A.B. asks: 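Provided herewith is a single structure, encoded as structure tokens, for subsequent inquiry.
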2 protein chains.
Amino acid sequence: MTDTKEIISKLTDKGLKITPQRIAVYEALVEFYHPTADDIYKKVLEKIPGLSYTTVYNILDTLVTNKLITRVKTDADVMRYDAITEHHHHLYCASSDRMEDYYDPELDQLLKEHFKRKQPCGFTITDIRLQLMGDFTKE
Amino acid sequence: MTDTKEIISKLTDKGLKITPQRIAVYEALVEFYHPTADDIYKKVLEKIPGLSYTTVYNILDTLVTNKLITRVKTDADVMRYDAITEHHHHLYCASSDRMEDYYDPELDQLLKEHFKRKQPCGFTITDIRLQLMGDFTKE
DNA sequence: TGTTTGAATGTAATAATTACAATTTAGTAA
DNA sequence: TTACTAAATTGTAATTATTACATTCAAACA
């Protein structure tokens with residue numbers, strides 16, 4: 001349901017200029033699951049020939065800074081990006097390097113209550129991210 | 001309490017040869033908190049002149065493969081290593097790029113119970129890692 | 001339509017990590 | 001102790017991901 005119009009309004013809401021590059025990068029972010037910068041570059045290049053790698057990184061930086069996307073990292077080696085900014089966790093399988101989103105409001109509630117009772121001393125929590133390591137049992 | 005003897009026995013238990021490089025790298029891992037490969041290289045170089053960067057990476061790989069240490073990643077950009085293999089979580093402050101261990105058996109119990117009741121479908125969990133994002137309020 | 005400011009581009013640099021061939025060393029057994 | 005073998009270390013060079021920066025271009029708005 002994230003169409004071009006929605007993307008444009010997200011960008012303008014943040015006072016960002018609308019460019020074909022930005023729209024295409026954002027579309028790629030929505031289409032892929034946890035893409036790397038390289039995934040995005042390759043995809044957007046189809047639509048925008050002459051696209052520069054630097055542009056992709058610039059746009060990703062801008063989107064992260066404006067909290068439209070988030071950076072995600074796993075034990076694998078490259079940075080990944082996530083267009084879904086609503087709170088969620090990640091399932092990650094090291095052997096296949098595959099990563100999926102995991103939503104669990106019940107768990108979030110549980111964590112919230114736990115950390116209300118018991119705060120790590122000297123640390124203010126702003127976000128809790130779970131990484132569930134394991135294996136995908138079926139495709 | 002992790003002295004040289006202990007390190008040696010950990011290595012031999014896994015059938016690994018004892019070398020000065022391995023011992024020194026392991027010692028650095030214990031001494032530092034979540035060091036990068038570079039941190040370790042610089043430290044070990046003091047003890048072992050002529051040390052190669054490749055050796056550090058080789059040793060780290062070997063230790064990870066043998067589950068004597070773990071890889072840790074954050075939103076920041078470099079791989080970090082952790083000599084503490086017993087289960088724990090991480091507090092991470094993005095602005096200072098500082099990271100600390102966090103132990104909370106009560107939380108672990110909570111999570112264990114939660115995921116016993118409710119398993120993410122098509123995924124077998126082998127490890128749960130929490131990354132608590134936020135700010136260190138005091139030094 | 002013109003102007004301004006922010007965005008995209010290209011090139012080149014840097015930083016982290018890996019590949020690989022050659023040399024050296026730890027562990028073992030004669 | 002010596003010799004052997006497999007494993008570990010080293011050095012060099014390549015690769016990959018990312019960033020810096022100067023120049024060119026284009027979106028937004030008067």
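The structure displayed is predicted, hence computed values, not measured ones. We name chains A, B, ... by the order of the sequence lines, and we start the count at 1 in each one.
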A.B. asks: List the steps, then state whether side-chain hydrogen bond (donor to acceptor under 3.5 Å, both in side chains) holds for B:H90 with B:D101.
C.D. replies: CA-CA 5 Å; B:H90 289 126; B:D101 288 342; 3.2 Å; yes
A.B. asks: Looking only at the side chain of B:Q21 (C-beta and beyond, no hydrogens), which of the listed nucleotides C:dA8, D:dT19, D:dT9 gets closest?
C.D. replies: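 So the side chain of B:Q21 is nearest to D:dT9.
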A.B. asks: Taking 4.0 angstrom as the limit, do B:K118 and B:E113 come out as a salt bridge?
C.D. replies: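 Result for this pair is no, no salt bridge flagged.
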A.B. asks: List in chain and number order the residues that pass side chain to side chain contact (heavy atoms under 4.5 Å, CB included) with A:T54, two or more places apart in sequence or in another chain; answer none if no residue qualifies.
C.D. replies: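 Applying side chain to side chain contact (heavy atoms under 4.5 Å, CB included) to A:T54 gives A:S52, A:N58.
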A.B. asks: Let me know the distance between CG of B:D39 and C1' of C:dA15, rounded to the nearest Å.
C.D. replies: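 From B:D39 CG to C:dA15 C1': 14 Å.
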A.B. asks: Identify all pairs in which a protein N or O lies below 3.5 Å from an N or O of nucleotides 20-26 of chain C, and state each distance.
C.D. replies:
from: C:dA26; atom 1: O3'; to: B:I18; atom 2: O; distance (Å): 3.2

A.B. asks: Rounded to whole Å, how long is the line connecting atom CG of A:L45 with atom P of C:dG10?
C.D. replies: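 Going from A:L45 (CG) to C:dG10 (P), I get 11 Å.
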A.B. asks: Provide, to the nearest angstrom, the distance between the NZ atom belonging to B:K14 and the C1' atom belonging to D:dA8.
C.D. replies: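 The answer, rounded to whole Å, is 19 Å.
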A.B. asks: Among the nucleotides C:dT9, D:dT18, D:dT9, which one has an atom lying closest to any side-chain atom of A:A37?
C.D. replies: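 So the side chain of A:A37 is nearest to D:dT18.
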A.B. asks: Return the value, rounded to whole Å, for the distance between atom OH of A:Y57 and atom P of C:dA7.
C.D. replies: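 Checked: the OH to P distance equals 20 Å.
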A.B. asks: Nearest whole Å is fine: how far is D:dA17 P from A:L60 CG?
C.D. replies: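 These atoms are roughly 14 Å apart.
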A.B. asks: Write down the distance between OH (B:Y53) and C1' (D:dT15), rounded to a whole number of angstrom.
C.D. replies: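 It works out to 17 Å between those atoms.
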A.B. asks: Can you check the B:D38 CG to C:dA15 C1' distance for me, whole Å?
C.D. replies: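 From B:D38 CG to C:dA15 C1': 10 Å.
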A.B. asks: Please give, in whole Å, the distance from D:dC21 P to A:D61 CG?
C.D. replies: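 So the CG-P distance, A:D61 to D:dC21, works out to 14 Å.
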A.B. asks: Salt-bridged, B:D108 to B:K112, with N to O below 4.0 Å?
C.D. replies: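 No, no charged N to carboxylate O under 4.0 Å.
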A.B. asks: Does B:K47 pair with B:E27 as a salt bridge, N-O distance under 4.0 Å?
C.D. replies: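 Looking at B:K47 and B:E27, the cut-off is met.
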A.B. asks: According to side chain to side chain contact (heavy atoms under 4.5 Å, CB included), who are the partners of B:K17, at least two apart in sequence or on a separate chain?
C.D. replies: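 Once residues adjacent in sequence are excluded, the partners of B:K17 under the side chain to side chain contact (heavy atoms under 4.5 Å, CB included) criterion are B:R22.
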